[in-house]
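Encoded as structure tokens, the structure appears first; notes follow it.
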Amino acid sequence: MTEYLKQILSDALTKFELDETPEIQLEAPKDPTHGDASTNLAMTLARPLRNNPRAIATQIIEALEYDERKISSVEIAGPGFINFRYAEDYLYDELASIIEEGEAFGKSELNSGKKVQIEFVSANPTGPLTVGHGRNAVLGDTVARLMEWTGAELDREYYFNNAGRQMRVLGQSVQARYLEILGKDSEFPEGGYEGEYIKDIAQELADEKGVALVDSDWTPFKEKAEQAIFADIDATLKRMNIHMDNHFNEHDLYENGDIESVVARLREKGLVYDADGATWFKTTEFGKEKDTVLIKSTGEPTYRLPDIAYHANKLDRGYDMCIDVFGADHIATYPDVLSGISALGYDKEKVDVVIYQFVTIVKDGKPFKMSTRKANFVTLDELMDEVGADVTRFFFLMRSPNTHLEFDIAQAKEAGEKNPVFYLQYAHARICSILRKAEEEYSFKIEVQLNLLKEDAETALIKTLFKFPKAIQSAAEAREPHRLINYLNDVASAFTTFYHDCRIIGVDADLAQARIALAKTTAQTLKNGLTILGITAPERM
RNA sequence: GCGCCCAUAGCUCAACUGGAUAGAGCAACUGCCUUCUAAGCAGUAGGUUUCAGGUUCGAGUCCUGAUGGGCGUACCA
């Protein structure tokens, strides 16, 4: 429809003498009395044509030729908006095609043919996933689903580092607990991991190997810990309905020579130099105040170097778009990565970073500072034990990534019944219940007469359903899943109004059949939307 | 000091990327279950969109400055 309106408007504009044709913007007015679609075209033309917007609007409308089967009226309103109203026939034709689409309704070709990779979670295996990782995980997975629904071919990747100081301390922490369990002398490492899960891992080792590891170094402890923690992380992700296609070990970038090659290539371009025993990247060339260390004087790379190599590696794999999901604490690092890859000759427009603000945990009414090392955290598993996976996912998605998310544990636990996710699920379950009853009451003809749907609540609901594909596209493009939630709330709300105003069971068979078709389509839309959010659509509640 | 993000109803947040009278959910108040699920619906109340300027037909949204908060600004990841 939007395309059609743009077409007829631009046809009308050919009758004006314009130096350049303006972009035609169409939007759905907030206030339904302003019609179903509207354009500010006359206002944007006011200046070039040196005429007042309402006069221009009048001329545009005079020049406009439209199909009365699609548009029932065109009006000028306010400062010069041109408002369109859909014809009833159009509504029924569209509804019929939505019914046809079924569980594919909402899909589009916006990103079709594009190979997209999204990297998210990427927590190193030092402990269970916490509520803090939850926002990253759910956001990444949902953006992935949105991209898939707009046609992209998508890979989900988990990037990790199982070497380095953190992992050594982890191994030593397990080692100390292991020795403790066997009653041997042990010294808990400085800054070691204090969580209970460390003891569990040590206990398992003691059960499996007995005293065989008493004289070992920390390596087997690290390996066991890594394996156990990854198994735990995978289980948590699975519980949240998240499946990774790939795990990428930072270590591979060293093994395959990518790290060295990146430094060499940058050096060739004169962007790398040695000073004070370290190797520096000339980030000043890219507008930064200071250059950045790539390799420390100890010979160890800083995290920026593998990050650059990793992104180069991704682009080498042929992705058209690579999306990273980062917490706000990484905000300073990605400009270096972008500088790095564009210096290497890659198109940095192909890397898109989704930054989300921190989750503030509120426990017992107070903000709660978390630390994996100190074992001060709330795990995602604990949270899901309390409120379930659906509520957990929904909670992380309902707000814009760009705003701080306050997660009140007590409220999340208590609020189960009042949580807005139930509003959507309830609407779905309610429709299913009606459909079950209706099947017993009626037997229907083959042909549905959708044109019997003439009540305000009915047409309003139909028009709301139309907006679904656009809601998905908007959420996908902005990488903001909460937009889809807002939309689904509109659907549920429009349905509830319909439910209260229009009975389904008890009216004559033809009308009942038309209303059932509408209810069914609403349920399908809710279900498709919830599927994108990774949330179940229950048939009974 | 410098950079990024944020500031909207008592609380938590929206506002389709500059559009028409700034909207929801909690919390408060008033109604509605012998009829398809009341986990619901209808209504009332609640706002100088932190402040001061600017840009234009039009600003919560853009630019400048101020104030308050978060995160960075390491040869930590």
Side-chain angles (χ1 to χ4, degrees), chain A residues 25 27-31 33-34 38-40 42-44 46-47 52-54 77-81 83 124 126 161 164-166 250 275-280 287-290 292-304 306-307 327-333 335 355-358 360 398-400 402-408 411 415-427 429-438 441 467 470-471 473-475 477-478 480 482-483 485-487 489-490 492-493 496-497 499-507 512 515-516 519 540-541:
Chain A
Q25 299 172 33
E27 57 171 30
K30 285 178 204 162
D31 184 342
T33 64
H34 293 138
S38 114
T39 179
N40 59 359
M43 278 127 81
T44 59
R47 175 162 288 209
N52 81 69
R54 289 190 68 106
F81 289 102
N83 295 339
N124 288 338
T126 57
N161 173 7
R165 197 189 57 86
Q166 274 185 51
E250 180 184 322
D276 306 327
T279 302
W280 297 74
K288 260 186 72 162
E289 278 188 25
K290 286 175 67 180
T292 308
V293 171
L294 283 185
I295 302 173
K296 302 185 233 173
S297 51
T298 58
E300 251 180 305
T302 65
Y303 64 95
R304 278 162 224 265
D307 274 2
D329 55 339
H330 284 69
I331 200 158
T333 91
I355 299 282
Y356 61 92
Q357 298 299 316
F358 268 34
T360 311
M398 60 189 287
R399 274 150 210 178
S400 158
N402 207 15
T403 164
H404 294 266
L405 173 61
E406 191 166 295
F407 205 124
D408 188 325
Q411 192 186 339
E417 284 201 350
K418 288 169 184 169
N419 197 300
V421 68
F422 291 111
Y423 184 69
L424 302 181
Q425 294 183 319
Y426 183 66
R430 194 184 235 177
I431 296 170
C432 292
S433 163
I434 295 168
L435 296 178
R436 282 191 298 270
K437 273 213 170 99
E441 301 274 330
K467 296 177 185 163
K470 206 187 160 201
Q473 290 171 15
S474 155
E477 272 185 300
E480 290 184 354
H482 76 280
R483 296 188 186 203
I485 289 183
N486 291 344
Y487 167 76
N489 269 314
D490 289 346
S493 165
T496 327
T497 303
Y499 170 83
H500 280 272
D501 291 358
C502 307
R503 287 199 59 82
I504 293 174
I505 293 168
V507 301
R515 286 182 173 167
I516 283 167
R540 294 168 205 271
M541 283 176 79

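Just so it is clear, the model here is predicted, and its values are computed rather than measured. Quick note on labels: first sequence line is chain A, next is B, and so on, each numbered from 1.
- Comparing the same atom, P, in B/C29 and in B/G72 gives a spacing of 43 Å after rounding to whole Å.
- Between the P atom of B/C13 and the CG atom of A/Asn486 lies a distance of 14 Å, rounded to the nearest Å.
- The glycosidic torsion of B/C33 lies within 90° of 0, which places this base in the syn conformation.
- Using modelled atom types and a 3.5 Å distance limit, the side chains of A/Asp31 and A/Thr33 yield a donor-acceptor pair.
- Of the candidates B/C16, B/A77, B/A38, the closest approach to any side-chain atom of A/Arg483 belongs to B/C16.
- The base of B/G19 sits with one of its N or O atoms less than 3.5 Å from a complementary donor or acceptor on the side chain of A/Asn40.
- A glycosidic torsion no more than 90° from 0 defines the syn conformation; B/U12 lies beyond that range and is anti.
- Considering only side-chain atoms of A/Ile434, the nucleotide from B/U37, B/G72, B/G19 that sits closest is B/U37.
- Here B/U35 presents its C1' atom at 15 Å from CG of A/Asp501, a figure rounded to the nearest Å.
- Between the side chain of A/Trp280 and the backbone N or O of A/Leu294 there is no donor-acceptor pair closer than 3.5 Å.
- Rounded to whole Å, atom P of B/C71 lies 14 Å from atom OH of A/Tyr356.
- When the P atom is compared between B/A59 and B/G53, the two are found 15 Å apart, to the nearest whole Å.
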Worksheet item: Once each nucleotide of nucleotides 4-12 of chain B is scored for protein heavy atoms under 4.0 Å, what B/S/- sequence comes out, 5' to 3'?
Response: SSS-----S

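- A/Tyr487 comes within 4.0 angstrom of no nucleic acid atom, judged by non-hydrogen atoms across all strands.
- Following rounding to the nearest Å, A/Glu480 (CD) and B/A15 (P) show an atom-to-atom distance of 7 Å.
- As rounded to the nearest Å, B/G3 and B/U12 have P atoms that lie 29 Å from one another.
- Under the Watson-Crick or G-U wobble criterion, with both distances below 3.5 Å, B/A27 has no partner in any strand shown.
- If you take CD1 of A/Ile355 and P of B/C71, they are 15 Å apart, rounded to a whole angstrom.
- The residue A/Ala77 sits close to a base: some heavy atom pair falls under 4.0 Å.
- Base pairing of B/U56: no nucleotide in any strand meets the Watson-Crick or G-U wobble criterion (both distances under 3.5 Å).
- Comparing the same atom, P, in B/A15 and in B/A24 gives a spacing of 14 Å after rounding to whole Å.
- Per the geometry, CD belonging to A/Gln25 stands 8 Å off P belonging to B/G19, to the nearest Å.
- By the criterion of a centre-to-centre distance under 5.5 Å and near-parallel planes under 30°, the ring of A/Phe81 forms a stack with the base of B/A20.
- Heavy atoms of A/Arg165 sit nowhere under 4.0 angstrom from any nucleic acid atom.
- Mapped onto RNA chain B by nearest heavy atom, A/Ile504 and A/Ala328 fall at different nucleotides, with A/Ile504 at the one closer to the 5' end.
- Here, B/G10 and B/G46 have their P atoms 11 Å apart, quoted to the whole Å.
- Distance A/His500 NE2 to B/A39 P: 11 Å, rounded to the nearest Å.
- Distance check on atom P: B/U8 versus B/A52 gives 16 Å, rounded to whole Å.
- In the interface, the side chain of A/Asn489 is not paired with the base of B/A14 through any donor and acceptor atom under 3.5 Å apart.
- Judged by distance alone, with hydrogens and angles left aside, A/Tyr426 brings no side-chain donor or acceptor close enough to the base of B/A39 to form a pair under 3.5 Å.
- At the heavy-atom level, A/Cys502 lies under 4.0 Å from base atoms of the strands shown.
- In this structure, A/Glu477 places its CD atom 14 Å from P of B/C16, rounding to the nearest Å.
- Counting non-hydrogen atoms under 4.0 angstrom, A/Lys290 reaches the backbone sugars and phosphates but no base.
- Environment of CZ in A/Arg165: sparse, with no more than 12 heavy atoms of neighbouring residues, nucleotides or ligands closer than 6.0 Å.
- Across all strands shown, B/U49 forms no Watson-Crick or G-U wobble pair with both key distances under 3.5 Å.
- Evaluation of atom-type donor-acceptor distances gives a pair under 3.5 Å for the side chain of A/Ser38 against the base of B/A20.
- Using a 4.0 Å heavy-atom distance criterion, A/Ala427 is classed as making no nucleic acid contact.
- A/Ser297 comes within contact range of at least one nucleobase, with a heavy-atom separation under 4.0 Å.
- Counting non-hydrogen atoms under 4.0 angstrom, A/Asp490 reaches nothing in the nucleic acid.
- For B/G3, the paired nucleotide is B/C71, the pair qualifying as Watson-Crick or G-U wobble because both relevant distances are below 3.5 Å.
- Counting non-hydrogen atoms under 4.0 angstrom, A/Ala471 reaches nothing in the nucleic acid.
- B/G40 is paired with B/C32 under the criterion used here, namely a Watson-Crick or G-U wobble arrangement in which both key atom distances are under 3.5 Å.
- Among the protein residues, A/Thr279 comes within range of no part of the nucleic acid, since none of its heavy atoms lies under 4.0 Å from any strand.
- Pairing partner, B/A22: none, since no Watson-Crick or wobble contact has both distances short of 3.5 Å.
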